[in-house]
Amino acid sequence: QVQLVESGGGSVQAGGSLRLSCASSADTQDTGYMAWFRQAPGKGREGLVAISPAASLTNYHYSIEGRFTISRDKSKNTIYLQMNSLKVEDTAIYYCAARGTDGLSLVPEKYPTWGQGTQVTVSS
């Protein structure tokens with residue numbers, strides 16, 4: 001019964017930064033592959049970046065690489081998303097997901113476990 005809890009969302013002005021976190025209830029060795037997704041109202045869920053169990057591999061969507069950075073604290077079963085130079089179009093609910101040991105996919109349907117999401121609002 002793995003549970004994921006996102007936090008760190010909020011409202012910022014364009015050009016600002018936020019750091020999201022996702023804590024897992026799973027044992028450190030069982031966390032597996034994890035990823036960040038986002039979904040704006042009326043739009044589909046899109047993958048941002050995935051990370052391997054040991055944090056040795058990552059897979060970034062080309063549209064956000066350079067502004068967003070994923071990291072992992074294995075001792076705390078937690079992953080993070082550092083978001084810099086935020087734009088109004090980054091406004092969305094951001095979700096954390098886990099998929100065991102299958103790989104660095106950015107396809108939502110490949111992930112069986114999801115958090116409740118955290119709202120990010122960027123204004124100009």
Side-chain angles (χ1 to χ4, degrees):
Q1 54 278 341
V2 175
Q3 296 183 51
L4 305 177
V5 180
E6 302 97 335
S7 62
S11 298
V12 298
Q13 293 184 329
S17 299
L18 283 175
R19 181 172 178 262
L20 308 182
S21 64
C22 174
S24 172
S25 64
D27 182 86
T28 299
Q29 303 303 316
D30 296 328
T31 302
Y33 291 82
M34 300 181 72
W36 287 101
F37 294 79
R38 68 183 180 187
Q39 186 169 17
K43 299 179 63 178
R45 193 163 297 186
E46 61 175 335
L48 302 176
V49 58
I51 190 167
S52 63
S56 59
L57 297 172
T58 56
N59 180 25
Y60 287 87
H61 189 274
Y62 68 89
S63 67
I64 56 90
E65 186 171 7
R67 295 193 299 124
F68 295 3
T69 303
I70 192 171
S71 61
R72 187 168 198 159
D73 185 339
K74 294 181 287 293
S75 67
K76 297 181 178 180
N77 273 341
T78 301
I79 62 168
Y80 304 89
L81 185 67
Q82 178 66 46
M83 304 187 294
N84 300 323
S85 301
L86 284 164
K87 305 174 181 179
V88 173
E89 51 262 45
D90 292 320
T91 296
I93 299 176
Y94 284 69
Y95 296 92
C96 176
R99 66 185 302 246
T101 61
D102 289 339
L104 298 166
S105 176
L106 293 180
V107 178
E109 290 75 16
K110 297 292 186 179
Y111 287 81
T113 303
W114 294 81
Q116 294 296 312
T118 184
Q119 177 71 48
V120 171
T121 302
V122 184
S123 63
S124 61

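Quick caveat, the model's predicted, so the values are computed rather than measured.
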Any pair counted as ring-ring contact (aromatic ring centres under 6.0 Å, His included), so long as it reaches residues 90-124, sequence neighbours left out: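 Every ring-ring contact (aromatic ring centres under 6.0 Å, His included) pair that includes a residue of residues 90-124, provided the two are not neighbours, is F37-Y111, F37-W114.
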
Taking the side chain as every heavy atom from C-beta outward, state whether [X] and [Y] have any atom pair closer than 4.5 Å.
X    : Y    : answer
I79  : C96  : yes
D90  : M83  : no
L86  : L18  : yes
T118 : L20  : yes
L4   : T113 : yes
V120 : T91  : no
R99  : V107 : no

Side chain to side chain contact (heavy atoms under 4.5 Å, CB included) between Y33 and I51, intermediate numbers included: CA-CA 6 Å; Y33 291 82; I51 190 167; over 6 Å; no

Hydrophobic cluster identity match, L106 and W36, side-chain contacts under 4.5 Å: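 No, because L106 and W36 fall into different hydrophobic clusters, even though each may have its own neighbours under 4.5 Å.
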
Same cluster (ILVMFWY, side-chain, under 4.5 Å), V12 and F68: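 V12 and F68: one cluster.
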
Where do [X] and [Y] come nearest, in terms of heavy atoms and distance?
X    : Y    : result
A50  : S105 : CB-O, 3.9 Å
S52  : S56  : OG-N, 3.2 Å
P112 : A98  : CD-O, 3.2 Å
A92  : R38  : CB-CB, 4.0 Å
C22  : M34  : SG-CE, 4.0 Å
Q3   : S25  : N-OG, 2.8 Å

Check: S85 main-chain N/O paired with R67 side-chain donor or acceptor under 3.5 Å: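 Confirmed, R67 side chain pairs with S85 backbone.
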
Counterpart residues, side chain to side chain contact (heavy atoms under 4.5 Å, CB included), relative to S17 (two or more places apart):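 Here the qualifying residues are Q82, N84.
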
Derivation and outcome, side chain to side chain contact (heavy atoms under 4.5 Å, CB included), residues T69 and L81: CA-CA 6 Å; T69 303; L81 185 67; over 6 Å; no

Side chain to side chain contact (heavy atoms under 4.5 Å, CB included) evaluation trace for L48 with Y60: CA-CA 6 Å; L48 302 176; Y60 287 87; over 6 Å; no

Heavy atoms from other residues, nucleotides or ligands near CD of Q13 exceed 12 (cutoff 6.0 Å):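 12 or below, so no.
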
Y80 six-ring face occupied by R19 cation (under 6.0 Å, within 45°):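 Positive - R19 is close enough to the ring of Y80 and near enough to its axis.
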
Separation of L104 CG from K110 NZ (nearest 0.5 Å):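 Atom-to-atom, K110:NZ and L104:CG are 13.5 Å apart.
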
Approximate separation, where rounding is to 0.5 Å, of S7 OG and Q116 CD: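 Answer rounded to 0.5 Å: 13.5 Å.
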
T78 versus S21, side-chain donor and acceptor atoms under 3.5 Å: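 On atom types as modelled, these side chains do not qualify, holding no pair under 3.5 Å.
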
